[in-house]
Each structure stands twice: as C-alpha cells, then as structure tokens.
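Contents: one structure, followed by commentary.
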Amino acid sequence: MIIHIDCNSFYASCEIIFRPDLQGKPVVVANCNEAGGGIILALSKEAKTIGLKRGNPIFQVKEIIEKNNVAVFPANLVKYCDISRRIMQVVIDENIVHNFIQYSVDEFFGTILEDDPDKLKRLLLKLKDDIERGIGVPVSCGASTSYTLAKVATWYSKHYPAFNGVCILPKEKITAALERLPVEEVWGIGRASKHKLDHFGIHTADDFVNKQESFIKRFFSITGVRTWKELQGEPCINIDDPPQQRSIMHSRTFTYMTDNIEVLNTYMSNFVAAATRKLRDQHSVCRSVTVYIVTNRHREDLPQYNNSASMQLTTASSETPLIIKTALVLLGKIYRSGYNYKKAGIILSDIASDRSVQLDLFADSHNDHGRQRRLMAAADSINTRYGMNKIRIASQGFEESKLNLNCFQPLKNQTTNIDDIIQVKSNK
DNA sequence: TCTGGGGTCCTAGGACCC
DNA sequence: TCTGGGGTCCTAGGACCC
C-alpha cells in the first residue's frame, strides 16, 4: 500500500512548537515586509475558524487579526525545512516504510508491505504518534493503492475526526470514497479544470472516474488521464526523488514600486547571487539565464508592462559575476522607462552537474575556469561562516536595509542556531 | 500604503529540415 | 476546385502543485 503523510498547518505548527502558550490559539504565518505587506501562507485550525484564509493579504484582514489577538509570524523557511528533515528521520528510523520520499516540505510518500487494513492502521497510528511526540508537529496519514488515492485517504482523515488522523482506503471502499469526494479536492484537479468539469456536470471524483478515457484525454490531456487512472488504483505518477532540480528561480515583490534601472540592477544582482549560491550548493551549473520584470497588476490605474528575456551561456556556469553580467544585459534589454515595476526575478535553467561542464573551445584559457571556481568556493565558505553577503559583488550594493526585500525581522532559528535556542524560565 | 515564492510538466504553434 | 507530406526542435504560456 502507498502511504501519504501530510503535516497539519505545517508552518503554523512549527512556530507553535517553540511557543507552547499559543497551542489552541489562532496563529498565522505570513511573508511580511517592512511595510506590513505580505499574504497569509499558513494558519492554525483556530485561525481558519475565525474566517482567515490562505492567500489573504495581511492588510485586508488586519481587523480580524487585531480583534482576535491572532499571533502573526514571519515565514522562516530554514526552520521549516529543518523540522521537515527531522520528521523524515523519525519515519526512516521506524524502518517500516519503504521508498520513503519527501514530496514537499510538508508531505511524504512511501510504501508499506501490509495489506490488512487493521494492521496497517495500527502501524500508521504509531508512526503518527511518534512524529507528534518526537517532533511536535501534528500529521494526517492516508493509505491506498495509488498516490492520488493515498491523498484522498488523507483528505478523509483530516475531514472526519472519527478516523483519528489515519485513514486506510482498501480497494473495496474506493468507490464509496470517491462518490462523496468533490472532484476539485482530487490532486491534479485545479481551478481551470473545475470550471470545465462543472460544465460537463462532473461534480464528484466518482463522476470523473466514470467517464471514458478518450473523453478525459480530449479535455484534460495526458495529465488528466493519469489522474483518472490513479483514481482507479493504478499508480502512474512518477514521484521518484528528482536527481537534480531542473530550474532555480529567485524573485521578489518590492515593497515599493520603482522605475529606476539602477535600483532594479541592484535587486537583480542580489537575486542572481542567491540563485547561483543555490546552484553551487547542489553542485550544478546552468546554461540558460532568464530575467523578468513585471508592473503591479493590482494597480489597474497604472500602465502595465511585463517582459522577460533569456540567454544561453557559451559555457555552463555557476559563477556569480558572469551570471550577474548576463542578467544585467538582459534586464537592460527589456527595461522600459515610464513604468513602475513591482517585481523582478531570475530563472536559471538547463541545469547539469558541475562535473560534466563542456568548456569553451575558443576561450582564452581553461585555467580561468578553475580560478573562478575556487574564487566562488572561497566566497561561499566565508559567507557561510560570517553571514550572507559578507562578500559580495559590487553591483549588489552596500545598503544592508535595502537588500532586505523579503523580511525585516530577524528570524529565530531555534533548531539550527545555538544562539537562538529556546529558553525555559523558572517560575520563582 | 500594504496583494508571495518556487517548482514541474504539457501543449500549441512557429521555424526549420528534407 | 485542387496549392505536399512528414518530420524535429524550440519556446511561450497554461495548468498544476506546495
């Protein structure tokens, strides 16, 4: 049976670990910036019941937050990734789950060689209990014969308290489960498909399954057919660990719009620095660089302009200076004055291992390549030790405050930084 | 005032080939 | 009236995911 583990309100649950006084209270995690912008990314159950939703801009729900004394945390991905890794380790140590794979920061898939639903339920209850007691994050579990069905089971475990957070969906119960499942709850059915399905009178997952394969193929393409097969218990989604990321992206929405090319150049340089660092951390190089800029789509009163440009590098690279240079050339090509830009970003793609770089036949000296590599390695190790951007390219700028587009609050990393470790006070 | 960030996969259509 | 036929490769954009 394929099993699925899903962390409940993951980001919010992670924050509550270190603030046990907030247990049972409304908690939200948002990606805030210094102007109080940002949107809600995750919410505790209690925050949902008072009407807050994922995606709400903070400024729109300010009243609800203040009235109900909601705790708002800035998102701290480093912390959440570390906690996710610890959950993974708990499961691995149990030694009952095979092919255990992290699907996302808060979801896992695996296989358990146990067909008896009762025995499987006991195994998963124990696993859930061990995660909750060992790490402090509540989880929901589902099990069935395909990935999509395992997620259906998890959906039931979350929506019906009688399951105690663990739902097993054996073959004979699949139809009954799909008959009661709104089709838009199925993994792989998004907003656009929901619209089409409504039009065809398909409202439950079972309605979807009962259509002909040719119909599904015609209107929902090959991906729809996969979901259709998965819902019938035939696993056909590939969830192997990707050997390597295929693209790396870095982008930010600016707190304030800007039409200044110099400012955009500074932002872009920093995006490239972050993206290339990630590229080097996974021992990769990229061949293709794409930059884009967009205006504020929420401001219909202002002229809109979005554009992007790409370039292929002669030699695949992960060197910050070279890629900044490339990105700034591209930015110069798509930049138009007279627009207020709200967001910009970079995408590195065509990624390969740095062990198989095809050098440029016509380059002056291949030694240069080795030198650049050592330079980057030295810069990375200094920045790891003394803090992000202690060593930087001049075009990244020097004003610390302006570099921080994302979040102005210093984040507490209780699980990875000894200085941030939680303090327990005695009550005299 | 303030409206996220980072991914994957698929398709249609254009450019090009013989 | 009828205006070839069969490919490949690339890219932009859509849809979906968390």
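All values reported here derive from a predicted model rather than from experimental measurement. A note on names: the letters A, B, ... follow the listed sequences, proteins ahead of strands, and every chain is numbered from 1. Values reported hereafter were calculated over all heavy atoms of this structure, with side chains retained and with hydrogens, waters and symmetry mates removed.
- The side chain of A:Arg252 lies closest to B:dG5 when the candidates are B:dG5, B:dT3, C:dC18.
- Phosphate proximity of B:dG6 to A:Ser251: present, with a side-chain N or O under 4.0 Å from OP1 or OP2.
- No more than 12 heavy atoms of other residues, nucleotides or ligands shown are found within 6.0 angstrom of NZ on A:Lys171.
- Whole-Å rounding puts the A:Ile347 CD1 to B:dG6 C1' distance at 10 Å.
- Checked against the 6.0 Å centroid threshold, A:Phe163 and A:Trp155 do not count as a close aromatic pair.
- Of the side-chain N and O atoms in A:Arg54, none sit less than 4.0 angstrom from OP1 or OP2 of B:dG4.
- The closest donor-acceptor contact from the side chain of A:Ser9 to the backbone of A:Leu43 lies under 3.5 Å.
- Across the protein-nucleic acid pair, A:Tyr256 atom OH and B:dC2 atom C1' stand 9 Å apart, rounded to whole Å.
- For the pair A:Lys151 and C:dC18, the criterion of a side-chain N or O lying under 4.0 Å from OP1 or OP2 is met.
- Considering only side-chain N and O atoms, A:Thr223 lies nowhere under 4.0 angstrom from the phosphate OP1 or OP2 of C:dA15.
- The shortest distance between the side-chain N/O atoms of A:Arg191 and the OP1/OP2 oxygens of C:dC16 is not below 4.0 Å.
- Here the closest non-hydrogen pair linking A:Leu231 and A:Phe208 is CD1-CD2, 3.8 Å.
- For the pair A:Tyr147 OH and C:dC17 P, the computed distance is 18 Å after rounding to whole Å.
- A close approach under 4.0 Å does not occur between any side-chain nitrogen or oxygen of A:His250 and OP1 or OP2 of B:dG5.
- In this structure, A:Arg246 and A:Tyr11 both approach DNA chain B, and ranking their closest nucleotides by distance from the 5' end singles out A:Tyr11.
- Rounded to an integer number of Å, the gap from CG of A:Leu41 to P of B:dG6 is 12 Å.
- The gap from the P atom of B:dT3 to that of C:dC18 amounts to 25 Å, rounded to the nearest Å.
- Residue order along DNA chain B, read from the 5' end via each residue's closest nucleotide, puts A:Met257 first among A:Ser221 and A:Met257.
- Defined by atom type and a distance below 3.5 Å, a donor-acceptor pair is present between the side-chain atoms of A:Tyr305 and A:Asn307.
- Side-chain nitrogen and oxygen atoms of A:Lys62 include none within less than 4.0 Å of the OP1 or OP2 phosphate oxygen of B:dC2.
- A straight line from CG of A:Asp350 to P of C:dA12 spans 13 Å, rounded to a whole angstrom.
- Proximity of residues 76-90 of chain A to DNA chain B (heavy atom under 4.0 angstrom from any strand atom) is not detected for any residue.
- Taking the six-membered ring for Trp and thresholds of 30 and 60 degrees, A:Tyr80 and A:Tyr11 have nearly parallel ring planes, at less than 30 degrees apart.
- In this structure, A:Lys211 is positioned above the aromatic face of A:Phe215, its NZ or CZ under 6.0 Å from the six-membered ring centre and within 45° of the axis.
- One finds a side-chain N or O of A:Arg297 lying less than 4.0 angstrom from the OP1 or OP2 phosphate oxygen of B:dG4.
- Here the nucleotide nearest the side chain of A:Tyr103, chosen from C:dC18, B:dC10, B:dT3, is C:dC18.
- No more than 12 heavy atoms of other residues, nucleotides or ligands sit less than 6.0 Å from atom CD of A:Gln23.
- Note on A:Arg226: a side-chain N or O is less than 4.0 Å away from OP1 or OP2 of B:dC10.
- Side chain of A:Trp187, nearest nucleotide from C:dC18, C:dA15, B:dT3: C:dC18.
- Considering only the side chain of A:Ile222, B:dT11 comes nearest among C:dA15, B:dT11, B:dG4.
- Between the CG atom of A:Asp6 and the P atom of C:dC17 there is a distance of 13 Å, given to the nearest Å.
- Rounded to an integer number of Å, the gap from OH of A:Tyr292 to P of B:dG5 is 8 Å.
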Worksheet item: Going through the checks in order, is the ring-ring contact (aromatic ring centres under 6.0 Å, His included) test met by A:Tyr103 and A:Phe108?
Response: CA-CA 5 Å; A:Tyr103 171 72; A:Phe108 309 87; 9.9 Å; no
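- Of the candidate nucleotides B:dG5, B:dT8, B:dT3, B:dT3 has the atom nearest to the side chain of A:Ile39.
- Searching all strands for a Watson-Crick or G-U wobble partner of C:dG13 with both distances below 3.5 Å returns B:dC10.
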